[in-house]
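Data block below; observations after.
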Protein chains: 4
Amino acid sequence: MFFHIDTKSNAPLYEQIIQQVKEMCAKGLLTPDERLPSVRELSSHMVINPNTVSKAYQELERQGIIVTVRGRGTFISKKTDRTSDPGRLKAIRESLKEAVIENYYAGYSKKELIKLLEEVYEEMEGKTDEN
Amino acid sequence: MFFHIDTKSNAPLYEQIIQQVKEMCAKGLLTPDERLPSVRELSSHMVINPNTVSKAYQELERQGIIVTVRGRGTFISKKTDRTSDPGRLKAIRESLKEAVIENYYAGYSKKELIKLLEEVYEEMEGKTDEN
Amino acid sequence: MFFHIDTKSNAPLYEQIIQQVKEMCAKGLLTPDERLPSVRELSSHMVINPNTVSKAYQELERQGIIVTVRGRGTFISKKTDRTSDPGRLKAIRESLKEAVIENYYAGYSKKELIKLLEEVYEEMEGKTDEN
Amino acid sequence: MFFHIDTKSNAPLYEQIIQQVKEMCAKGLLTPDERLPSVRELSSHMVINPNTVSKAYQELERQGIIVTVRGRGTFISKKTDRTSDPGRLKAIRESLKEAVIENYYAGYSKKELIKLLEEVYEEMEGKTDEN
DNA sequence: GTGGTCTAGACCACC
DNA sequence: GTGGTCTAGACCACA
C-alpha cells in the first residue's frame, strides 16, 4: 500500500500509520467498506515489523475507524458505525491550541492563521461535504 | 509557581513544562525579562526532580524562548532575541492538519472549525495586538 | 569503539564525545549511514554513564550530524540531510579569532599561522575532495 | 573601561574579560606598561561582581599577560617578560582544528577557510609586525 | 544563591 | 535489542 514512513520522525511508526489511515479517510482516498491490506501484506511491503502494523490496526479499531472481520480482513467503518467520541472535541481544541501558540512565536496574525487553516482544510478535502 | 502536571498524560513531564511556559508567554502571563522560578524552586514546588525542570529549561533556551544568566537565574527572552525558526510554520501546519482530521471524525463543518479556532485564539490572547 | 576521554580536560564528557564524533566524520572515519555504537555499548566501553552518552547523541542529532532510528540505533546523517546552520560561519570565525590571538602571544607570523592551518587541515582530511 | 559582556553567552564572565584583554593587546589597543583599571573601578563600571574581575586578572597574570604591582595597580606586561608557554602552540592547533571541523560542516573549501583566516587576522592586527 | 554535569539505577515505549 | 524519561543524590563552576 501507499504509506510513507519517516524513520527520522520522532513519532512512533504505528502512530504514523494510524495518522495516515485517518488522513486518507478524511481525504476520501479510503472509503467505507474498503478493504485494507492485511497485517502481513502491509508489513512486508513497508519492511517493518508485523507487530507494529498490528498495533496500529488495533488502535484504529479501538477508535472505531476500522473493523476487522475474522477470516475476511479489515475494512474501513461506515460513518454511521463510528462512535462519536466526546473526547474528539477536546483533541481538536488541543491541536488548535498548539497551533495558536506556535503561531504566536511565528509572529503571524490571527487572519493569517485562519487563512492557513483554510488552506490546510482544502488540501485535505476530497469529497467531504462542502460547507 | 503556576504549573500543573498531568500524570495521566503520555507527554513527558519536561514537555508539559515547556508547553506551559510557551502558553503563558503567548497569553501574556509571562513577559520579556520576567524571571522564571529557579530550577530548585520549581522542582520542589512541583515535586519533581530538578533534572527534569532543567531539561525543560534547556530546551526552552534552545528554542530561544528563555535565556539563562549564569548564577542569576532564567528569564523570558525579549521578542527581538527570538530566532525565527523556519520550521515553525511547518509545525503550525502540522497541528492544523491534525485538527482538520479530527474535525472530520467529529463531523463539524469548516465554518464550525474556524469558529473553534477563533475561540481558542481569543482564550489565549491577553493584550496582544488585535488583528 | 574508538573514543578516548581526557579526564584532565575541563570540557564535559559529553562535549568530548560530540567533538570526537564530528572529528571522525570530518576525517571520513565515520561515513553516512554508518551505525554508531549503541548508548549502552559505548557507555560500558568508555566506563561512563549511559545518560552521558545519550546526552551527547541527542545534541549531535540536534546539530543534524546523526539520526536516531527508534529501536534500531543511531546513524551518521547523509550530507544532504544536514541543516545548514547559519551560525556555523560565526563559530568558524570565533575559532579562528582565538587562534589568531593565541598566535600573537606565541609570536608566529601570519604566514606561519596559515601554514599551521594547512597542516591541521591536511591531518584532518581523509579522502574528502581536495580544493 | 571598554569591555562588553554578553550575559547570554555560555562563556563565563571572567573568561570573556580575559579574552577581551588579550584581544585588545593583540589589536594594539592595549600597549605594554599601560595601566588597567583597578578591580573595583572595572567591576563597578561593568556592574559585575568584583570577584569576577579579580579572577580574570589573576588568570591573566598567571598567563603573563599582565603584572600587578602592589599599591600601584595592574599593567600590561612587556613583551620580553612574557613566558613563552609551550602549550600555546597546542592551543593554536586546537582552535584551528575546531575551525576545520566546523568548516567541514559548513561546506567551505580549504581556500575559503584560509581566506577567512586572513580576514580575521587583518581585522585583528593593529601595529603588530607585518609579515 | 544559580545552573551544569555526572552517576547509578529504574522503568517504559518502540521495534 | 534500541533509545527516552525520570528519580535521587552528588559535586562543581559561576556570580
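A, B, ... follow the sequence lines: proteins, then strands. Residue 1 opens every chain. Remember, predicted model here, so these are calculated numbers, not experimental data.
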What are the two closest heavy atoms between D:P12 and B:R70, and how far apart are they?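 Where D:P12 meets B:R70 most closely, the heavy atoms are CA-NE, 3.8 Å.
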Is the distance from OP1 or OP2 of [N] to the nearest side-chain N or O of [X] less than 4.0 Å?
X: C:Q58; N: F:dG4; value: yes
X: C:S38; N: F:dG1; value: no
X: B:R70; N: F:dA15; value: yes

State which of [options] makes the closest approach to the side chain of [X].
X: B:T52; options: F:dT2, F:dC6, E:dT7; value: F:dC6
X: D:P12; options: E:dT5, F:dG3, F:dA15; value: F:dA15
X: B:Y14; options: E:dT7, E:dC14, F:dT5; value: F:dT5

Just to be sure I understand the rule, does D:L13 reach a base, reach only the sugar-phosphate, or reach nothing, if contact means heavy atoms closer than 4.0 Å? sugar-phosphate
Start with the C-alpha gap between A:Q63 and A:E59, add the side-chain angles, then the distance that decides, and say whether side chain to side chain donor-acceptor pair (under 3.5 Å) holds. CA-CA 6 Å; A:Q63 289 186 27; A:E59 175 59 19; 3.0 Å; yes
Flag the pair C:L36 / C:Y57 as yes when at least one side-chain heavy-atom distance between them is below 4.5 Å, and no otherwise. yes
Applying the Watson-Crick and G-U criteria (both distances under 3.5 angstrom) with [ ] for crossing and | for other-strand pairs, one obtains for DNA chain E ||||||||||||||.
Pair D:S95, D:E98: side-chain N/O donor-acceptor within cut-off below 3.5 Å: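 Short answer, no.
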Look at the side chain of C:N51 against the base of E:dG9 and say whether a donor-acceptor pair falls under 3.5 Å; ignore hydrogens and angles. yes
Is there a donor and acceptor pair closer than 3.5 Å between the side chain of B:R40 and the base of E:dG1? no
